[in-house]
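Have a look at the structure below before the remarks.
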Amino acid sequence: MTDLLIRGRVLTFVEEPRGIDDTASYRYFEDGAVLVRGGKVADIGEHAEVARRAGPGVKVADHRPNLVLPGLIDTHLHFPQTQAISSYGAQLLEWLNTYIFVEEQKFRKPEHADYIAGRFMDELLSNGTTTAVAYCSVHPESVDAYFSAAEARGMLMIGGKVMMDRNAPDALRDTPQLGYDETKALIAKWHGRGRAHYAISPRFAITSTPEQMEASRTLVAEHPECYVQTHLSENKDEIAFATSLYPEAKDYTDIYARYDLLTRKTLLGHCIYLSDREISVLAETGAVGTFCPTSNLFLGSGLFDRDRFDKLGARWSVATDVGAGTSFSMLETMDEAYKVLHLQGQRLTPFNSFYRMTLGNARALELDDRIGSLHVGADADIVVLDSRAKPSMELRMRVAGSLAEELFILQTMGDDRSVAETYVGGKPMKGVATATKDTANAVTRSFETA
């Protein structure tokens, strides 16, 4: 693989910012460069010094005056819901039954799963996201499609088959034994293959019987190297239903705790209506609450309380939650996160937003040795952001006087048009994703009625 020198205004975080003036939390090079060698970051710093150390003849990708950052990370979304974005007018449980369970039945057909998986990965890349954690459908074919599409693009992705054995259509239900067997086989096939990581995925307590939760407990005990993903306290009706199904539990969080599903590798979508006791349990176990602002607003679910998580020492991350989430863009997601927290009198600085999209989410996944920052030895997953991508942004940038202002403009006005390039393992990917979209219309109709 040819060495590549990526030149631009380089920004990478080393710690969580403590305020808008915390310059020690990040490294910034106005005329910077990242040297990529063998798919890894081999050097970073001022362009003149990195270029000198790289030696003559190195290939250069000059992205000035754009910003060069680590690839963005999304910690919770649903790959089978890619075509269900913008499904009108329902809250969580009605939305699932009316739209989502219908859509997910299509994934029993491998050709449909393959097609949507490719579009899904390319949509992530077009938005600068190089790693994501996603639910597949109940069908093993969907998992194969998901990881195959990621592997073809070299992406580090986390995912798994949902396990559901009740309160779902027959076509989407497995059994405790089948869910265990299929998950076990998929872990053996995919976890640790290339850059793939498996997530054991009981969808949520409502769609899993106690017997399936026991099977999930066994899987987690047998495969502590795998992630766990499920949903927690997204909607008040959901909470009432879940706790009615597990009356012995102290609360919703206790359902998962009783089955030993809360570990440092557990990602819990939403976590809106948690008591202090529940947040303290997450802090004790290291489980991660996942803040999904666009989804929570779209379904009218509620507002995530970041400050209580921080006060009680619980870990949290940020995610799009496509398809209840309304955009694949982590920029647009952080725009809504800012508003959700602002409504509650909580402050989210531009530096904190970009920390969360990169190193913060990498730390939540405990993958910060590999992704989320541009340190030497990291995987060369990189995004290049153009803060003047739209006419309105260009006009606003004429009076921007600081890096903090520029980041806030990107966060509040940016979208996929702001992504000038996305690199995966040092390989440019945005053009590949665009080409795939340009040819997609020729095949999409054949799968619409799958």
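Side-chain atoms are counted along with the backbone in the values below, which use heavy atoms only and exclude waters and symmetry mates.
Remark: side-chain polar atoms of Ser208 are not paired, donor with acceptor, to backbone N or O of Ala205 under 3.5 angstrom. Side-chain N or O atoms of Thr218 include one that pairs as donor or acceptor with a backbone N or O of Glu214 at under 3.5 Å. With Thr422 contributing its side chain and Leu125 its backbone, the two residues share a donor-acceptor pair below 3.5 Å. The backbone N or O of Ser137 sits less than 3.5 Å from a side-chain atom of Ser142, completing a donor-acceptor pair. With hydrogens and angles disregarded, a donor-acceptor distance shorter than 3.5 Å links the side chain of Arg108 to the backbone of Gln105. The backbone N or O of Pro202 lies less than 3.5 Å from a partner atom in the side chain of Thr230, making a donor-acceptor pair. A distance-only check finds a donor-acceptor pair linking the side chain of Arg315 to the backbone of Ala364 [under 3.5 Å]. Judged purely by atom type and a 3.5 angstrom limit, Tyr227 uses its side chain to pair as donor or acceptor with the backbone of Leu365. Side-chain N or O atoms of Thr82 include none that pairs as donor or acceptor with a backbone N or O of Ile116 at under 3.5 Å. Panel note: side chain Arg264, backbone Thr285; no donor-acceptor pair is recorded below 3.5 Å.
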(request) Please step through side-chain hydrogen bond (donor to acceptor under 3.5 Å, both in side chains) for the pair Ser201 and Gln229, ending with a clear verdict. (result) CA-CA 5 Å; Ser201 308; Gln229 60 179 351; 3.0 Å; yes
(request) Could you go through the side-chain hydrogen bond (donor to acceptor under 3.5 Å, both in side chains) check for Asp165 and Thr209 one step at a time? (result) CA-CA 7 Å; Asp165 67 338; Thr209 61; 2.6 Å; yes
(message) Show, in sequence, the C-alpha distance, side-chain angles and deciding distance for Leu67 and Tyr28, and conclude whether the side chain to side chain contact (heavy atoms under 4.5 Å, CB included) test is met.
(response) CA-CA 10 Å; Leu67 284 165; Tyr28 174 66; 4.1 Å; yes
(request) Go through the steps to decide whether Tyr135 and Gln81 satisfy the test side-chain hydrogen bond (donor to acceptor under 3.5 Å, both in side chains), and finish with yes or no. (result) CA-CA 9 Å; Tyr135 293 73; Gln81 296 177 19; over 6 Å; no
(request) Check the pair Ser295, Asp321 against side-chain hydrogen bond (donor to acceptor under 3.5 Å, both in side chains), reporting the backbone distance first and the verdict last. (result) CA-CA 6 Å; Ser295 166; Asp321 193 29; 2.6 Å; yes
(request) Could you please spell out the steps behind the ring-ring contact (aromatic ring centres under 6.0 Å, His included) verdict for Phe107 and His112? (result) CA-CA 6 Å; Phe107 287 79; His112 182 76; 4.8 Å; yes
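Between Ala324 and Leu299, the shortest heavy-atom contact is CB-CD1, 3.6 Å. In terms of heavy atoms, Ile73 sits closest to Met330 at O-CE, 3.5 Å. Shown here for Pro80 and Cys136, the closest heavy-atom pair between the two residues is CG-C, 3.6 Å. For the residue pair Tyr246 and Pro210, the shortest heavy atom distance occurs at OH-N, 3.4 Å. The heavy-atom pair separating Glu332 from Thr294 by the smallest distance is O-CG2, 4.3 Å. Nearest heavy atom pair, residue Ala215 against residue Tyr180, reads O-CD1, 4.0 Å.
Comment: Lys189 does not engage Glu182 in a salt bridge, judged by the lack of any side-chain N to carboxylate O separation of less than 4.0 angstrom. Note on Asp379 versus Lys40: salt bridge recorded, some NZ/NE/NH1/NH2 to OD/OE distance being below 4.0 Å. Classification of Arg217 and Glu222 as a salt-bridged pair fails, no side-chain N sitting under 4.0 Å from a carboxylate O. Using a 4.0 Å cut-off between a side-chain N of Lys or Arg and a carboxylate O of Asp or Glu, Asp170 and Arg173 qualify as a salt bridge. Under 4.0 Å is where a charged nitrogen must lie from a carboxylate oxygen, and between Glu366 and Lys265 no such pair does. Salt bridge absent: Arg370 and Asp381 never bring a charged side-chain N and a carboxylate O closer than 4.0 Å. Here Asp386 does not pair with Arg417 in a salt bridge; the nearest charged N to carboxylate O distance is not below 4.0 Å. The pair Glu141-Lys109 does not count as a salt bridge, with every side-chain nitrogen at least 4.0 angstrom from each carboxylate oxygen. By the 4.0 Å N-to-carboxylate-O rule, Arg203 lies close enough to Glu104 to be salt-bridged with it.
Between Tyr423 and His63, the ring centre distance stays below 6.0 Å. Aromatic pair His78/His231: centroids less than 6.0 angstrom apart. In this structure, the ring of Phe304 has its center no less than 6.0 angstrom from the ring center of His270. Residues Phe408 and Tyr338 place their aromatic rings such that the two centres sit under 6.0 Å apart.
A 4.5 Å side-chain heavy-atom check between Arg153 and Asp122 finds at least one atom pair inside the cut-off. Side-chain contact between Val220 and Asp260: absent, with no pair of heavy atoms (C-beta onward) separated by less than 4.5 Å. Side-chain contact between Met121 and Met157 is present, with at least one heavy-atom pair separated by less than 4.5 Å. Within the 4.5 Å cutoff, the side chain of Glu238 has heavy atoms near those of the Phe204 side chain. Counting only heavy atoms from C-beta outward, the side chains of Leu11 and Leu407 approach each other to under 4.5 Å. Taking the side chain as every heavy atom from C-beta outward, Thr333 and Val318 approach each other to under 4.5 Å. Leu69 places none of its side-chain heavy atoms less than 4.5 Å from the side chain of Thr12.
Thr183 pairs by the side chain to side chain contact (heavy atoms under 4.5 Å, CB included) definition with Lys161, Met163, Ile187, Tyr198, Ile200, Leu219, not counting sequence neighbours. In this structure, Asp369 has no salt bridge (Lys or Arg N to Asp or Glu O under 4.0 Å) partners at least two apart in sequence or on a different chain. Take Lys339 and apply the salt bridge (Lys or Arg N to Asp or Glu O under 4.0 Å) test, not counting sequence neighbours, and it matches Asp335, Glu336. Partners of Ala337 by side chain to side chain contact (heavy atoms under 4.5 Å, CB included), not counting sequence neighbours, listed by chain and number: Phe291, Pro293, Met334, Leu348.
Among the candidates Val376, Asp43, Leu374, the single residue satisfying the side chain to side chain contact (heavy atoms under 4.5 Å, CB included) test with Val34 is Leu374. With Trp316 as the fixed residue, the side chain to side chain donor-acceptor pair (under 3.5 Å) test singles out one of Thr75, Asp305, Asp310: Asp310.
For residues 140-162, the set of pairs meeting the ring-ring contact (aromatic ring centres under 6.0 Å, His included) definition, not counting sequence neighbours, comprises Phe79-Tyr146, Phe147-Trp190.
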Please tabulate, for the side chains in residues 93-101, all donor-acceptor contacts under 3.5 angstrom to protein atoms that are two or more places apart in sequence or on a different chain.
residue, atom, partner, partner atom, Å
Asn97, ND2, Leu93, O, 3.0
Thr98, OG1, Glu94, O, 2.8
Tyr99, OH, Tyr88, O, 2.6

